[in-house]
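Okay, so here's the structure we're looking at.
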Amino acid sequence: MHLFKRFAVTIVGAALLAVGLAMMVLPGPGILLIVAGLAVLATEYVWARTLLVKARKQAEAVQEAAVSSPLRTTGSVVFAAGLVAVGVLMLIIEDVSWPAMESLLDKLWAPVTGGILVVTGLILMTTTVLTLRAAKGQPTTYTDNRRTGGSSVYRPAAER
């Protein structure tokens, strides 16, 4: 049974890594899929755990740098809003011939790319807001303790 689990983990993790690497040059959240692939592989492989720890530290450093100045924060939010706007336009405007889309795939490619741009923009906005809140010492998670008899409270991740 363990051999089957290891095989499945390897296949799923490698697939996520491959799609993530492809999305590094194609539209989409490639870094998130690479991290997801490493997280899956880390359940079975020590080398993936090591890479995941390094990736997490690097991601935290990049997040902190992204909100270290108001100009960078504004730039991230404006860029994310631009991604969402272009994505929405690609989803709702059918008659426009988008650059490099003059083939038979035109009717499929524009909505797929538009959807990916919208998701990527929303992910960027969310991570920027959460990182900004964390940098200010504000809570970034919501914990609901009503089932255990406690009250609903916000608690920073560091307190859990």
Side-chain angles (χ1 to χ4, degrees), residues 1-135 140-142 157 160:
M1 187 64 160
H2 184 293
L3 187 61
F4 177 74
K5 179 186 174 206
R6 189 173 181 104
F7 179 74
V9 163
T10 302
I11 296 299
V12 171
L16 287 169
L17 282 175
V19 172
L21 287 172
M23 284 188 176
M24 295 304 288
V25 294
L26 298 171
I31 293 174
L32 289 178
L33 286 180
I34 290 171
V35 170
L38 285 175
V40 169
L41 290 169
T43 63
E44 288 292 321
Y45 298 103
V46 174
W47 62 266
R49 252 179 259 136
T50 303
L51 284 176
L52 189 59
V53 168
K54 287 180 183 178
R56 183 177 184 164
K57 287 179 183 176
Q58 186 65 30
E60 289 171 356
V62 168
Q63 286 177 333
E64 289 171 8
V67 296
S68 63
S69 74
L71 184 61
R72 286 183 179 178
T73 304
T74 303
S76 293
V77 171
V78 168
F79 184 73
L83 284 175
V84 171
V86 170
V88 167
L89 287 174
M90 291 183 85
L91 288 170
I92 62 174
I93 299 176
E94 296 176 14
D95 295 339
V96 175
S97 179
W98 296 93
M101 293 188 195
E102 300 193 13
S103 68
L104 194 55
L105 295 175
D106 195 13
K107 295 207 181 267
L108 174 68
W109 191 250
V112 169
T113 304
I116 290 172
L117 288 175
V118 169
V119 169
T120 303
L122 292 175
I123 290 170
L124 177 58
M125 280 188 201
T126 302
T127 56
T128 301
V129 168
L130 290 176
T131 304
L132 190 59
R133 289 179 61 102
T140 58
T141 59
Y142 176 76
R160 287 185 271 139

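Just so it is clear, the values below take in all heavy atoms, side chains as well, and ignore hydrogens, waters and symmetry mates. Residue numbers run from 1 in the order of the sequence given.
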* Closest non-hydrogen atom pair, Arg6 against Glu44 -> NH1-O, 3.4 Å
* Side-chain contact, heavy-atom cut-off 4.5 Å: Leu17 with Leu41? -> yes
* **Pairwise side-chain contact, Val46 with Arg49, heavy-atom cut-off 4.5 Å (strictly under)** => yes
* Asked: Rounded to the nearest 0.5 Å, how far does CE of Met125 lie from CG of Leu130?
  -> 13.0 Å
* Using a cut-off of 6.0 Å, state whether more than 12 heavy atoms not belonging to Arg56 lie near its atom CZ. => no
* **Separation between CG of Leu124 and CG of Leu83, rounded to the nearest 0.5 Å** => 7.0 Å
* Does Leu3 reach the side chain of Phe7, with side-chain heavy atoms less than 4.5 Å apart? -> no
* Asked: If you round to the nearest 0.5 Å, how far is CD1 of Ile34 from CG of Leu38?
  -> 7.5 Å
* Hey, does the side chain of Thr131 reach the backbone of Thr128 with a donor-acceptor pair shorter than 3.5 angstrom? -> no
* Structure fact -> All heavy atoms of Ala42 vs all of Leu52, minimum pair found to be CB-CD2, 4.1 Å
* Asked: If only atom types and distance count, is the side chain of Thr120 paired as donor or acceptor with the main-chain N or O of Leu117 below 3.5 Å?
  -> no
* Structure fact -> Separation between CG (Leu16) and CE (Met23), nearest 0.5 Å, reads 10.0 Å
* To do: Working to the nearest 0.5 Å, report the span between CG of Leu33 and CE of Met24.
  => 10.5 Å
* Structure fact -> Closest non-hydrogen atoms of Val118 and Leu91, given as atom of the first, atom of the second and distance, are CG2-CD1, 4.2 Å
* Asked: What are the two closest non-hydrogen atoms of Gly121 and Ala80, and how far apart are they?
  -> O-CB, 3.4 Å
